[in-house]
Colleague: 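This is the structure I want to talk about, given as structure tokens.
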Amino acid sequence: MDKIENVPGHVSIIMDGNGRWAKERGLERCSGHIEGVESVRACTEAAVESGVKYLSLYAFSEENWGRPREEVESLMGLMLKSVTGELSNFMQNGIRFMVLGNRARLSDGLNSVIDDCMKKTEGNAGLTLIIFLSYSGRWDILQAARKLASEIAARPELAAGLEDMDADGFGRYLVTSGIPDPDLIIRTSGEQRLSNYLLWQGAYSELFFTDTLWPDFRKPEFYSALCEYSKRDRRYGKVK
Ligand code: IPE
Ligand code: IPE
Ligand code: MG
């Protein structure tokens, strides 16, 4: 593989198409989710190799709670198994692991495994791997606004400073505080929508859509997306 120019610092993926991948093979939807975990592994490796600093993955949206109970349970079970099983890999490869989203909706068991993995890997200086779980962009903006409002309710003198608050200032209340905005958002499976993902943070992200279903999205597909990104011209509203 030739060296890729202009590697994005933060790559984010909307991992879609597991159900269709399974259906094409006459399998249950959960087989697609299980195979999708292999793609997570492959893309994590590719991100480390290519020098990407942040890889974030949309694993479960707030809206996904509305899926049939068995599917939700199998996804949460898979998450628990993967987080537990990957810890040694994270330590070996210097990966810092994070889960962001509405953690209050997750089970105590899953939350404690996540907390343990985040704590053990927090000093790792390589790739930061972020899993967005029970996340949605509108929920994130709402929880930020609530946090800000309750801070001001507790200390009314802070209200005067609101005039000077800019987008970066507000961004510190989002769950992604301290994490750079995604440079590239990839969505697999042919759908061309954001499905309530990183609505604030994705304001100037480059978007890459591919028909490949998530379980088939492996290293070559990841590198192709990086190549495509390297040809993009980001102008941020300015004239070049
Ligand atoms: C993505 O695959 C995984 C999650 C959203 C949890 P889907 O389960 O949405 O697969 P399709 O879109 O039905 O094929
Ligand atoms: C988006 O996929 C959410 C995740 C990949 C976690 P969905 O399959 O839930 O999105 P829609 O329903 O096609 O918009
Ligand atoms: Mg889908």
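Atoms within each ligand, like the ligands themselves, are counted from 1 in listed order. Along the sequence shown, residues carry numbers from 1. Just so it is clear, the structure is predicted and the values come from calculations on it, not from any experiment.
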Colleague: Applying the side-chain contact (heavy atoms from CB on, under 4.5 Å) criterion to Val83, which one of Val113, Leu133, Ile131 satisfies it?
Modeller: Val113

Colleague: Roughly how far apart are Met165 CE and Tyr173 OH, rounded to 0.5 Å?
Modeller: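 So the gap between those two atoms works out to 4.5 Å.
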
Colleague: Could you tell me, atom by atom, which parts of ligand 1 come under 4.0 Å of a heavy atom of His33?
Modeller: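 This gives 3 (C), 8 (O) as the contact atoms.
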
Colleague: For Glu122, check salt bridge (Lys or Arg N to Asp or Glu O under 4.0 Å) against everything at least two apart and list the hits.
Modeller: none

Colleague: Which pairs of nitrogen or oxygen atoms, taken one from ligand 2 and one from the protein, are under 3.5 angstrom apart?
Modeller:
{"from": "ligand 2", "atom 1": "8 (O)", "to": "Asp16", "atom 2": "OD1", "distance (Å)": "3.2"}
{"from": "ligand 2", "atom 1": "8 (O)", "to": "Arg67", "atom 2": "NH2", "distance (Å)": "3.3"}
{"from": "ligand 2", "atom 1": "9 (O)", "to": "Asn64", "atom 2": "ND2", "distance (Å)": "2.9"}
{"from": "ligand 2", "atom 1": "9 (O)", "to": "Arg67", "atom 2": "NH2", "distance (Å)": "3.4"}
{"from": "ligand 2", "atom 1": "10 (O)", "to": "Arg187", "atom 2": "NH2", "distance (Å)": "3.3"}
{"from": "ligand 2", "atom 1": "10 (O)", "to": "Ser195", "atom 2": "OG", "distance (Å)": "3.4"}
{"from": "ligand 2", "atom 1": "13 (O)", "to": "Arg193", "atom 2": "NH2", "distance (Å)": "2.8"}
{"from": "ligand 2", "atom 1": "14 (O)", "to": "Arg193", "atom 2": "NE", "distance (Å)": "2.9"}
{"from": "ligand 2", "atom 1": "14 (O)", "to": "Ser195", "atom 2": "OG", "distance (Å)": "2.6"}

Colleague: Just do the salt bridge (Lys or Arg N to Asp or Glu O under 4.0 Å) check on Glu62 and Arg138 with the steps written out, would you?
Modeller: CA-CA 10 Å; Glu62 279 283 79; Arg138 287 181 174 175; over 6 Å; no

Colleague: Determine, step by step, whether Asp115 and Arg103 satisfy the salt bridge (Lys or Arg N to Asp or Glu O under 4.0 Å) criterion, reporting the C-alpha distance in whole Å, the side-chain angles of both residues, the deciding distance to 0.1 Å, and the verdict.
Modeller: CA-CA 10 Å; Asp115 282 339; Arg103 296 272 309 267; 2.8 Å; yes

Colleague: Within a 6.0 Å radius of atom CG on Asp108, are there more than 12 heavy atoms belonging to other residues, nucleotides or ligands?
Modeller: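 No.
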
Colleague: Looking at Lys147, I want to see if its NZ is surrounded by more than 12 non-hydrogen atoms of other residues, nucleotides or ligands under 6.0 Å.
Modeller: yes

Colleague: Around the Mg ion (ligand 3), how many protein N, O or S atoms are there at under 2.8 Å?
Modeller: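 Considering protein N, O and S only, the Mg ion (ligand 3) has 1 within range.
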
Colleague: Can you name the atoms of ligand 1, numbered from 1 with element, that are less than 4.0 Å from a heavy atom of Arg29?
Modeller: 7 (P), 8 (O), 10 (O), 13 (O)

Colleague: List the steps, then state whether side chain to side chain donor-acceptor pair (under 3.5 Å) holds for Trp214 with Ser189.
Modeller: CA-CA 7 Å; Trp214 176 246; Ser189 89; over 6 Å; no

Colleague: Please identify each residue that fulfils salt bridge (Lys or Arg N to Asp or Glu O under 4.0 Å) with Arg218, with sequence neighbours left out.
Modeller: Glu35

Colleague: Within a radius of less than 6.0 Å around CZ of Arg172, do more than 12 heavy atoms belonging to other residues, nucleotides or ligands occur?
Modeller: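 No - once you tally the heavy atoms of other residues, nucleotides and ligands closer than 6.0 Å, there are 12 at most.
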
